[in-house]
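The figures that follow rest on heavy atoms only: side chains count, while hydrogens, waters and symmetry mates do not. This is a predicted model, so every value here is computed, not measured.
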Amino acid sequence: MNLRRVMYLTLAIICVTGCRSSGAPINYYLIDPINSPALTQEQGLSVEIRDLHVPQYLERFQIAMRAGSNQLVFSDNHQWAETLQKNLMRTTARNFATLLNTADIGTPLSRSSSRADYVVEIYVDQFDQSTVGPVVLAGHFQIIGGQPYKVLATQSFSLSGDQVSQGDYPMMVASMQKLLFEMCNSAAVEIVHAEKGKETNHK
């Protein structure tokens, strides 16, 4: 390694170290599942979350916030501890497990060996906070079931959380956690209704 390259590497290390030491610490966040009573006492349902799609702007580790019309800002000091899509997928699975009283929840991250009774596809169009408004979770989901599979329900959602002060990221993430659970509850209710309808038809 020649002297010039050594000097460049040394300067780069000093620059990176200096930037890290002089800047504010990075805070990392996760959206966790919420414990709640099950919607049904029946057990043994198998559910697959086939897809949970998030828009590309949410695929960054920096937390996004809307700063006005057609404008986003990303925080370098407040970041997701993992990709938001993976976090939402895992947390949605755990929310479903609680709401539907079952441990048999399959995802692309954790496959189930059984044929799913119901397949869920979730499409998130917006999941962020405006600097002058609450957190918004918007999109739609589909519930698929039957033999052969068919779409049983398609439902749009546009959910707003409590007003959160600008820059209060812990409260912002807590609001996002509640909205995700609310969406999961709506999807789980559709599955419970479909299951009750199937039982009625068999009588």
Side-chain angles (χ1 to χ4, degrees), residues 29-55 58 80-128 134-162 164 171-203:
Y29 301 87
L30 286 171
I31 294 176
D32 291 324
I34 293 179
N35 291 323
S36 74
L39 297 174
T40 176
Q41 298 304 312
E42 299 295 328
Q43 297 182 342
L45 272 183
S46 176
V47 177
E48 177 190 353
I49 306 172
R50 180 179 293 172
D51 190 20
L52 196 162
H53 174 78
V54 299
L58 291 176
W80 299 115
E82 64 178 341
T83 61
L84 185 60
Q85 194 269 350
K86 286 185 178 180
N87 184 191
L88 296 182
M89 179 73 77
R90 189 179 61 255
T91 300
T92 297
R94 292 178 63 184
N95 282 338
F96 278 167
T98 298
L99 290 165
L100 297 172
N101 198 25
T102 180
D104 193 358
I105 306 290
T107 73
L109 307 175
S110 177
R111 297 284 185 181
S112 173
S113 59
S114 57
R115 181 187 186 276
D117 298 304
Y118 298 95
V119 174
V120 183
E121 296 184 350
I122 302 168
Y123 300 87
V124 174
D125 297 325
Q126 179 183 351
F127 201 14
D128 51 46
V135 175
V136 172
L137 171 59
H140 71 277
F141 62 76
Q142 286 189 328
I143 308 297
I144 301 167
Q147 294 186 5
Y149 281 149
K150 63 179 180 179
V151 176
L152 303 177
T154 299
Q155 183 173 315
S156 297
F157 52 86
S158 183
L159 309 171
S160 296
D162 298 329
V164 178
M171 288 302 298
M172 173 184 172
V173 173
S175 181
M176 296 175 83
Q177 182 168 298
K178 292 178 183 178
L179 293 182
L180 179 68
F181 179 81
E182 188 175 341
M183 184 275 295
C184 291
N185 188 78
S186 296
V189 165
E190 292 293 337
I191 292 174
V192 171
H193 286 169
E195 190 66 10
K196 287 181 178 179
K198 185 170 63 175
E199 293 173 359
T200 301
N201 292 333
H202 287 168
K203 290 182 180 180

Residue set satisfying ring-ring contact (aromatic ring centres under 6.0 Å, His included) with Phe141, at least two apart, ordered chain then number -> none
Which atom of Arg50 lies closest to which atom of Ile144, heavy atoms considered:
NH1-CD1, 4.3 Å
Between Thr92 and Leu180 the two heavy atoms that sit nearest each other are OG1-CD1, 3.8 Å
From CA spacing to verdict: side-chain contact (heavy atoms from CB on, under 4.5 Å), Ile31, Val173:
CA-CA 7 Å; Ile31 294 176; Val173 173; 4.1 Å; yes
Just jot down the side-chain contact (heavy atoms from CB on, under 4.5 Å) partners of Thr98, sequence neighbours excluded, or say none.
Ser36
Tell me the closest heavy-atom pair linking Leu159 and Met183, and the distance in Å.
CD1-N, 3.9 Å
Who pairs with Thr91 by side-chain hydrogen bond (donor to acceptor under 3.5 Å, both in side chains), at least two apart in sequence or on another chain?
Asn87
Which atom of Tyr149 lies closest to which atom of Arg115, heavy atoms considered:
CE2-NH2, 3.5 Å
Walk me through whether Leu58 and Gln85 qualify under side-chain contact (heavy atoms from CB on, under 4.5 Å).
CA-CA 8 Å; Leu58 291 176; Gln85 194 269 350; over 6 Å; no
Are any side-chain N or O atoms of Ser160 and backbone N or O atoms of Pro134, one a donor and one an acceptor, separated by less than 3.5 Å?
no
Tightest non-hydrogen contact, residues Ala188 and Phe96, listed as N-CE2, 4.2 Å
Answer yes if the side chains of Tyr118 and Glu190 hold a donor-acceptor pair under 3.5 Å, and no otherwise.
no
Any donor and acceptor pair, going by atom type alone, linking the side chain of Asp104 with main-chain N or O of Leu45 inside 3.5 Å?
no
Which heavy atom in Met176 sits nearest to a heavy atom in Phe127, and how many Å separate them?
O-CZ, 3.4 Å
Mind checking side-chain hydrogen bond (donor to acceptor under 3.5 Å, both in side chains) for Glu82 and listing every partner two or more places apart, or none if nothing turns up?
Arg90
Hits for side-chain hydrogen bond (donor to acceptor under 3.5 Å, both in side chains) against Gln177, two or more places apart or cross-chain, chain-then-number order -> none
By side-chain hydrogen bond (donor to acceptor under 3.5 Å, both in side chains), which residues pair with Tyr123, not counting sequence neighbours?
Glu121
Taken to the nearest 0.5 Å, the spacing of Thr102 OG1 from Glu42 CD works out to 11.5 Å
Step by step, would you call Phe181 with Leu99 a side-chain contact (heavy atoms from CB on, under 4.5 Å)?
CA-CA 10 Å; Phe181 179 81; Leu99 290 165; 3.7 Å; yes
Look only at the side chain of Gln43 and the backbone of Asn101, and say whether a donor-acceptor pair between them is shorter than 3.5 Å.
no
Under the side chain to side chain contact (heavy atoms under 4.5 Å, CB included) test against Val47, which residue among Thr107, Ile143, Leu100 passes?
Leu100
Passing option when Gln142 is tested against Leu152, Val119, Val151 for side chain to side chain contact (heavy atoms under 4.5 Å, CB included)
Val151
Starting at NZ of Lys178, measure out to CG of Leu137 and round the result to the nearest 0.5 Å.
14.5 Å
Begin from the C-alpha positions of Leu39 and Asn185 and carry the test side-chain contact (heavy atoms from CB on, under 4.5 Å) through to its verdict.
CA-CA 9 Å; Leu39 297 174; Asn185 188 78; 3.8 Å; yes
Rounded to the nearest 0.5 angstrom, the SG-CZ distance for Cys184 and Arg94 is 12.0 Å
